[in-house]
Amino acid sequence: MKKFEYSLTESNVDLFFPHERIKTKVQVLTILLEATRFLLYNEAKVSRDESKLVLQIKKMSRIFFIVKKKYYSINFPFTFIINDDVVYISYKNEIELDSKKISDLLSILKDPRFNSSNCLDFVEPIFDLEIEDQENTWLLMKELLLMEDGYLRFDNDPVSYLSAKSQGKEHTHPENHLDIFYSNTSTFKIGLERPIVDEAFMDYLDTQTDCMYLKSI
């Protein structure tokens, strides 16, 4: 396993931790692409800061976004290589992701036509990029849209917990919990008895270490 840590500035935290809860695949992909651009241009170093980004490269690679008492993780579907202090990121070692390619993909996600009910409107911005010699744009966008993003979040939320407790429903919103998935139709919580540190959270998602077990309240 390879592990790379990066300190996050306040502006980075604002980007990777939206003020409103993540609810859509487009938000997840936007964060993934912005994080990929961040990895291209920032130096990895062991971080003692409370706010950091951690990239773990192994059979199942993941990015972890960490601030005080709040962490979440998503799948990292790209190949990550550092050669002579230069970072190379690609999809299956075939499509290189540079700043231009990342900006193109983000422009598609942010284009109003992306949400059009007409398939031709959806295709148009992708087609425009491909005729500008941006080959493989659709292939990469399709793979991102179809990928399983593996979203998981740890949250320490005493405010919502106390509100639920005042109504006699403290177990509907535990103070410490894992949020599984993100859309309103799929998300649910698993309560934890106590806060966890970020290293424990990363260990939860490591398929090569011992599993954790659930027990009833």
Side-chain angles (χ1 to χ4, degrees), residues 3 5-35 38 46-56 60-76 106 109-110 112 114-115 144-145 147-217:
K3 182 177 177 181
E5 295 189 9
Y6 302 81
S7 296
L8 296 179
T9 64
E10 187 175 338
S11 61
N12 297 147
V13 171
D14 287 341
L15 178 62
F16 297 136
F17 285 84
H19 295 298
E20 295 185 358
R21 181 175 64 82
I22 294 171
K23 298 179 181 179
T24 68
K25 183 67 168 280
V26 170
Q27 288 176 287
V28 171
L29 293 181
T30 298
I31 288 171
L32 171 63
L33 291 169
E34 292 288 6
F38 175 90
V46 176
S47 174
R48 303 300 177 191
D49 297 339
E50 289 185 328
S51 301
K52 60 186 176 181
L53 180 152
V54 179
L55 173 64
Q56 284 190 350
M60 293 172 53
S61 298
R62 279 184 165 272
I63 298 182
F64 295 85
F65 303 90
I66 298 166
V67 297
K68 186 177 181 180
K69 296 185 178 181
K70 292 182 185 292
Y71 332 125
Y72 73 96
S73 176
I74 56 177
N75 173 33
F76 185 72
L106 286 169
L109 293 175
K110 296 175 181 178
F114 184 83
N115 292 316
L144 291 175
L145 289 171
M147 81 168 192
E148 185 175 351
D149 45 66
Y151 177 91
L152 184 74
R153 178 185 180 103
F154 165 75
D155 199 2
N156 170 262
D157 187 357
V159 174
S160 296
Y161 166 71
L162 291 174
S163 175
K165 187 176 182 179
S166 69
Q167 303 172 52
K169 299 179 179 179
E170 60 266 37
H171 294 304
T172 64
H173 200 295
E175 180 175 358
N176 300 289
H177 60 268
L178 297 174
D179 285 314
I180 315 296
F181 309 129
Y182 48 80
S183 68
N184 288 330
T185 56
S186 300
T187 186
F188 63 95
K189 300 182 187 301
I190 294 179
L192 301 174
E193 292 182 329
R194 61 185 65 87
I196 58 173
V197 298
D198 54 273
E199 291 293 336
F201 179 69
M202 288 186 276
D203 182 65
Y204 286 2
L205 298 175
D206 190 337
T207 59
Q208 297 177 349
T209 62
D210 291 344
C211 288
M212 305 298 291
Y213 289 82
L214 300 174
K215 67 178 184 179
S216 68
I217 59 173

Worksheet entry | Residues K52 and D198 bridged, charged N to O under 4.0 Å |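 Salt bridge present between K52 and D198.
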To the nearest 0.5 Å, what is the distance between [atom1] ([X]) and [atom2] ([Y])?
{"X": "D206", "Y": "M212", "atom1": "CG", "atom2": "CE", "result": "12.5 Å"}
{"X": "I180", "Y": "H177", "atom1": "CD1", "atom2": "NE2", "result": "10.0 Å"}
{"X": "E175", "Y": "L192", "atom1": "CD", "atom2": "CG", "result": "11.0 Å"}

Between [X] and [Y], which heavy-atom pair has the shortest distance, and what is it?
{"X": "P174", "Y": "G191", "result": "CG-CA, 3.6 Å"}
{"X": "L8", "Y": "L53", "result": "CG-N, 3.8 Å"}
{"X": "L205", "Y": "F64", "result": "CD1-CE2, 3.6 Å"}
{"X": "N176", "Y": "F154", "result": "OD1-CZ, 3.9 Å"}
{"X": "N75", "Y": "R62", "result": "N-NH1, 4.1 Å"}
{"X": "T187", "Y": "F181", "result": "OG1-O, 3.5 Å"}

Practice prompt. Answer yes if the ring centres of Y72 and F17 are under 6.0 angstrom apart, and no otherwise.
Written response: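 Judged by ring-centre distance (under 6.0 Å), Y72 and F17 do meet the cut-off.
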[X], [atom1] atom: more than 12 neighbouring heavy atoms under 6.0 Å:
{"X": "K25", "atom1": "NZ", "value": "yes"}
{"X": "Q167", "atom1": "CD", "value": "yes"}
{"X": "E199", "atom1": "CD", "value": "yes"}
{"X": "K189", "atom1": "NZ", "value": "yes"}

Fill in: Working for side-chain hydrogen bond (donor to acceptor under 3.5 Å, both in side chains), residues T9 and N12
CA-CA 5 Å; T9 64; N12 297 147; 3.0 Å; yes
Discussion item. Quick one: does any side-chain atom of S166 pair with a main-chain N or O of S163 as donor and acceptor, under 3.5 Å?
Written reply: yes
Worksheet item: Is the backbone of I22 close enough, under 3.5 Å, to the side chain of R153 for a donor and an acceptor to pair up by distance?
Response: no
Item to complete: Determine the interplanar angle of the Y6 and F38 rings, folded into 0 to 90°, and report it as parallel if under 30°, tilted if 30 to 60°, perpendicular if over 60°.
Response: perpendicular
Worksheet, complete the sentence: Residue set satisfying side-chain hydrogen bond (donor to acceptor under 3.5 Å, both in side chains) with Y182, at least two apart, ordered chain then number -> D149
Worksheet entry | With S61 via side-chain hydrogen bond (donor to acceptor under 3.5 Å, both in side chains) - residues at least two apart |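 Here no residue qualifies.
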[X] versus [Y]: any side-chain heavy-atom pair under 4.5 Å?
{"X": "I66", "Y": "F201", "result": "no"}
{"X": "L33", "Y": "L144", "result": "yes"}
{"X": "L32", "Y": "F76", "result": "yes"}

Discussion item. I'd like to check the salt bridge (charged side-chain N to carboxylate O under 4.0 Å, His left out) partners of E170; sequence neighbours left out, ordered by chain and number.
Written reply: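 If we apply the salt bridge (charged side-chain N to carboxylate O under 4.0 Å, His left out) test to E170, skipping adjacent residues, there are no hits.
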